[in-house]
Q: 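Can you keep this structure in mind? I'll have questions shortly.
Residue numbers begin at 1 in each chain, while the letters A, B, ... track the order of the sequences.
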Amino acid sequence: MIYANDFNLRLSIESGQPLTFSSDYKAVGKKLELLTYVTQKGRIHVESAKNNSRDSIINFDYSGDYTRQSAEREVRTRLGLTDDLQEIYAKINTDQFMDNAISALYGMRVTHNDPWETTLCFLVSQFNNIKRIRLIIRRLINEYGEEQKLDGEVFHLFPTSESLSRATVQELMKCGTGFRAKYIRSVAEQCSNNVDLGKFYKMNYAKAKEELMELDGIGDKVADCILLMGYNKYEAFPIDTWIKRVVERVYFKGRKKSIKAIHEFASRRWGGFEGYAQQYLFESGRRNKIGKMVR
DNA sequence: ACCCAGGCGGGCG
DNA sequence: CGCCCGCATGGG
């Protein structure tokens, strides 16, 4: 059991982050959430006893080669519990809109995900919706992830880049990846040969983004998602259709702004924690359907 | 049936 | 640089 301050598991896993796409989770009744995370070492099964509250008691069990300590560390890291949320809120609570968003989404954290897992998830995400992203990732896991038997049940690990690079574009399309199949193929191949994703940890945000964007199918937005949720570079500010509309509406009186101008705005306003601000803008924009009435 | 979804690359002026 | 287009596919 872990006691976590300022944490809401439901919000954190339902806000379209990679752990949502690649883990099994479901609501049981109205207050229990489950998260099953399978790694090479074994399986971690998380349930939160409390929901919609400022603090959570996180119950979890584990099997395989995890020890109690390593499992707890995995849970804390992956759920973003290693960050001081109060400090982050102090930085991003710059106005009434953000203040409302923080109140409504209190305890939502940016999760910490494996870089390759994050890369694949956001390649799949482009011009797609969250429900279908989840469906496609689940198919890729079942089709290309190494099989593991734990507790008499069969699980699949998240597919490696090597595994996916052996597939043809046509085979990848059978999982519903559509026009993204060629990007997945290309990036998987690069990541299993000449590109070591680990190197981006050591680079600063700007340099890492520049190099990520050289990969096929990774543009401005996907690169920022990878850097934010895969490397926890909080200067990243992914701009999707939601964020663009929310920022234009809330901060520019509805006037159209370029991607470049929005990046500059975010950097000036939330410098250092743009990514956290983005997660709150994204989720509150979606919930309130801000900008749904476009021409 | 039609519309849209956590964009991107390529072609154009 | 900005603008516009096509792109695969499942769910509303």
Q: Touch check for A:R139, heavy atoms < 4.0 angstrom, all strands: base, sugar-phosphate only, or nothing?
A: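 Sugar-phosphate only.
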Q: Return the stacking result for C:dA8 and A:F179: yes when the ring centres lie under 5.5 Å apart and the planes under 30°, no otherwise.
A: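 Per 5.5 Å and 30° rule: no stacking.
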Q: With heavy atoms under 4.0 Å as the rule, sort A:K131 into base, sugar-phosphate or nothing.
A: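 Sugar-phosphate contact only - A:K131 comes under 4.0 Å of backbone atoms but never of a base.
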Q: Counting N and O atoms only, with roles assigned by atom type, does the side chain of A:E248 sit under 3.5 Å from a partner on the main chain of A:K257, one being a donor and the other an acceptor?
A: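 Here the side-chain-to-backbone pair exists.
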Q: Flag as yes if A:Y183 stacks onto the base of B:dC8 (centroids under 5.5 Å, planes under 30°), otherwise no.
A: no
Q: Among the nucleotides C:dG10, B:dG9, C:dG2, which one has an atom lying closest to any side-chain atom of A:N129?
A: C:dG10
Q: Checking all strands, does A:E283 fall into the base, sugar-phosphate, or nothing category for heavy-atom contacts under 4.0 angstrom?
A: nothing
Q: Touch check for A:T20, heavy atoms < 4.0 angstrom, all strands: base, sugar-phosphate only, or nothing?
A: nothing
Q: Determine the contact category for A:G16: base if any of its heavy atoms lies under 4.0 Å from a base atom, sugar-phosphate if only primed atoms, P, OP1 or OP2 are that close, otherwise nothing.
A: base
Q: Would A:R78 count as a cation-pi partner of A:Y37, with NZ or CZ less than 6.0 Å from the six-membered ring centre and within 45° of the ring normal?
A: yes
Q: Which value, in whole Å, describes the distance between the P atoms of nucleotides C:dA8 and B:dG11?
A: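 Approximately 16 Å lies between the P atom of C:dA8 and that of B:dG11.
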Q: Could you check whether A:Y280 and A:Y89 have their ring centres less than 6.0 Å apart?
A: yes
Q: Using 4.0 Å as the upper bound for N to carboxylate O, is an ion pair formed by A:E162 and A:R166?
A: no
Q: Within the 4.0 Å heavy-atom criterion, would you say A:T177 contacts the bases, only the backbone, or no part of the nucleic acid?
A: nothing
Q: Expressed as a whole number of Å, how far does the C1' atom of B:dG10 sit from that of C:dT9?
A: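 Rounded to whole Å, the distance is 22 Å.
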Q: Between A:F97 and A:Y251, how do the two ring planes meet: parallel, tilted or perpendicular, split at 30° and 60°?
A: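 Perpendicular.
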Q: Students often get this wrong, so: under 4.0 angstrom with heavy atoms, is A:R286 touching a base, only sugar-phosphate, or nothing?
A: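 Contact class for A:R286: none.
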Q: Scan A:I218 against the nucleic acid and name what it touches under 4.0 Å (heavy atoms): base, sugar-phosphate only, or nothing.
A: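 Touches sugar-phosphate only.
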Q: Given that A:F21 and A:L215 both sit by DNA chain B, which one's nearest nucleotide is further toward the 5' end?
A: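 Nearer the 5' end of the strand: A:F21.
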